[in-house]
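Below: the structure, in structure tokens.
The model shown is predicted, which means the values in this text are computed figures rather than measured ones. Below, all heavy atoms of this structure are taken into account, side chains as well, without hydrogens, waters or symmetry copies.
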Amino acid sequence: YVVVDLETTGLDPVQDQIIEIGALEVVAGKPGRSFTTLVQPVTVQPGQFISPFISRLTGITNDGLLAAPRAAKALEAFGRFLGDRIVVGYNAGFDMGFLQQGFQKELRRPLPNDWVDVLPMARTVFPLWEHYRLNNLAAYYHVENPQAHRALSDVKTTDACYRKVIKDGAAKFGSPQAFLEAVRKKMAPEEGEQLSLW
């Protein structure tokens, strides 16, 4: 599978744009190659790509985006890296919404990859938590995220947390299959279909 994370200009995949893609392949249970690129968004104001809020949140700057590839080139390279493998992400529906929109708009083709979301797994294992952000799960598992809100750092954190939450879920519910069935029951029907992959 390939763990994926994006940074974006906002929350709406139709109105907003990708500014960074990070990905890490996992082969036979071990981390392999990584992929990362900034993405220059389209803007009406030359050199003004992102809001001050997004810049403060991510550490990505307008200057840093000046030399970044445009979306079509970045997505083409990401698509080659991803291939037909399963995507794993934290709140993966958000990232897949942007990627699917981007592939259709920029590359004129769908992104058909199946995907699995770690977020409902965390909600199932820890039902009483107040917040389920990636940093909450990372703090619980003592996983360091040295550059939170940067795509590749979040990807590595997601992979470490995914491995731990799967293990805890299997222990809590008796088996990996029982855990994933418990997760499925908490999800919408179309989301639950993702879990048939595991």
Side-chain angles (χ1 to χ4, degrees), residues 1-27 32-44 49-51 53-54 57-58 60 65 68-123 132-134 137 148-159 161-162 165 180 183-184 186-198:
Y1 61 88
V2 176
V3 190
V4 174
D5 184 73
L6 306 179
E7 302 304 328
T8 63
T9 60
L11 302 177
D12 185 340
V14 176
Q15 301 292 330
D16 295 305
Q17 301 175 69
I18 298 168
I19 56 172
E20 188 175 39
I21 305 170
L24 175 71
E25 67 176 12
V26 178
V27 180
R33 298 176 302 143
S34 62
F35 173 93
T36 183
T37 183
L38 291 173
V39 183
Q40 186 185 104
V42 176
T43 180
V44 294
F49 302 109
I50 53 177
S51 69
F53 170 77
I54 294 297
L57 179 69
T58 63
I60 297 169
L65 292 169
R70 292 288 183 92
K73 185 175 180 181
L75 289 170
E76 188 68 56
F78 170 69
R80 288 194 300 270
F81 178 85
L82 177 62
D84 61 358
R85 294 177 290 187
I86 295 167
V87 171
V88 172
Y90 199 86
N91 193 18
F94 175 86
D95 298 311
M96 290 301 290
F98 272 89
L99 288 169
Q100 289 164 344
Q101 180 78 14
F103 268 65
Q104 286 287 7
K105 181 181 177 182
E106 302 292 340
L107 305 180
R108 302 287 188 259
R109 62 183 174 91
L111 178 65
N113 298 60
D114 291 317
W115 51 279
V116 173
D117 195 348
V118 181
L119 175 57
M121 298 180 184
R123 287 180 171 147
Y132 292 92
R133 301 182 188 96
L134 177 59
L137 194 61
H149 300 294
R150 289 303 300 266
L152 191 57
S153 187
D154 283 352
V155 155
K156 292 175 180 177
T157 301
T158 296
D159 183 49
C161 290
Y162 169 64
V165 80
L180 294 182
V183 176
R184 186 181 288 111
K186 289 181 172 285
M187 301 170 73
E190 64 274 12
E191 293 176 322
E193 290 176 7
Q194 302 165 31
L195 298 174
S196 64
L197 300 162
W198 296 91

To the closest 0.5 Å, what do you measure between [atom1] ([X]) and [atom2] ([Y])?
| X | Y | atom1 | atom2 | answer |
| --- | --- | --- | --- | --- |
| Leu111 | Phe103 | CG | CZ | 4.5 Å |
| Leu107 | Leu75 | CG | CG | 5.5 Å |
| Ile50 | Asp16 | CD1 | CG | 12.0 Å |
| Leu137 | Tyr162 | CG | OH | 13.0 Å |
| Thr158 | Asp117 | OG1 | CG | 9.5 Å |
| Glu20 | Ile60 | CD | CD1 | 4.0 Å |

Which side-chain N or O atoms in residues 92-99 pair as donor and acceptor under 3.5 Å with protein atoms at least two apart or in another chain?
{"unit_1": "Asp95", "atom_1": "OD1", "unit_2": "Leu6", "atom_2": "N", "d": "3.3"}

At their closest point, which heavy atom of [X] faces which heavy atom of [Y], and how far apart are they?
| X | Y | answer |
| --- | --- | --- |
| Ala23 | Val2 | CB-CG1, 3.8 Å |
| Ala74 | Pro69 | CB-CG, 4.3 Å |
| Phe78 | Val4 | CZ-CG2, 3.9 Å |
| Arg85 | Asn113 | O-ND2, 2.8 Å |
| Tyr132 | Arg123 | CE2-CA, 3.5 Å |
| Val39 | Leu65 | O-CD2, 3.5 Å |

- Partners of Arg133 by side-chain hydrogen bond (donor to acceptor under 3.5 Å, both in side chains), sequence neighbours excluded? none
- Message: Run Val88 and Asp159 through side-chain contact (heavy atoms from CB on, under 4.5 Å) and show every step you take.
- Response: CA-CA 8 Å; Val88 172; Asp159 183 49; over 6 Å; no
Would you say the side-chain atoms of [X] pair up with the backbone N or O of [Y], donor to acceptor, closer than 3.5 Å?
| X | Y | result |
| --- | --- | --- |
| Gln17 | Val42 | yes |
| Glu7 | Ile19 | no |
| Asp5 | Gly89 | no |
| Gln40 | Arg70 | no |

- Query: Would you say Phe35 and Glu25 make side-chain contact, with heavy atoms under 4.5 Å?
  - Reply: no
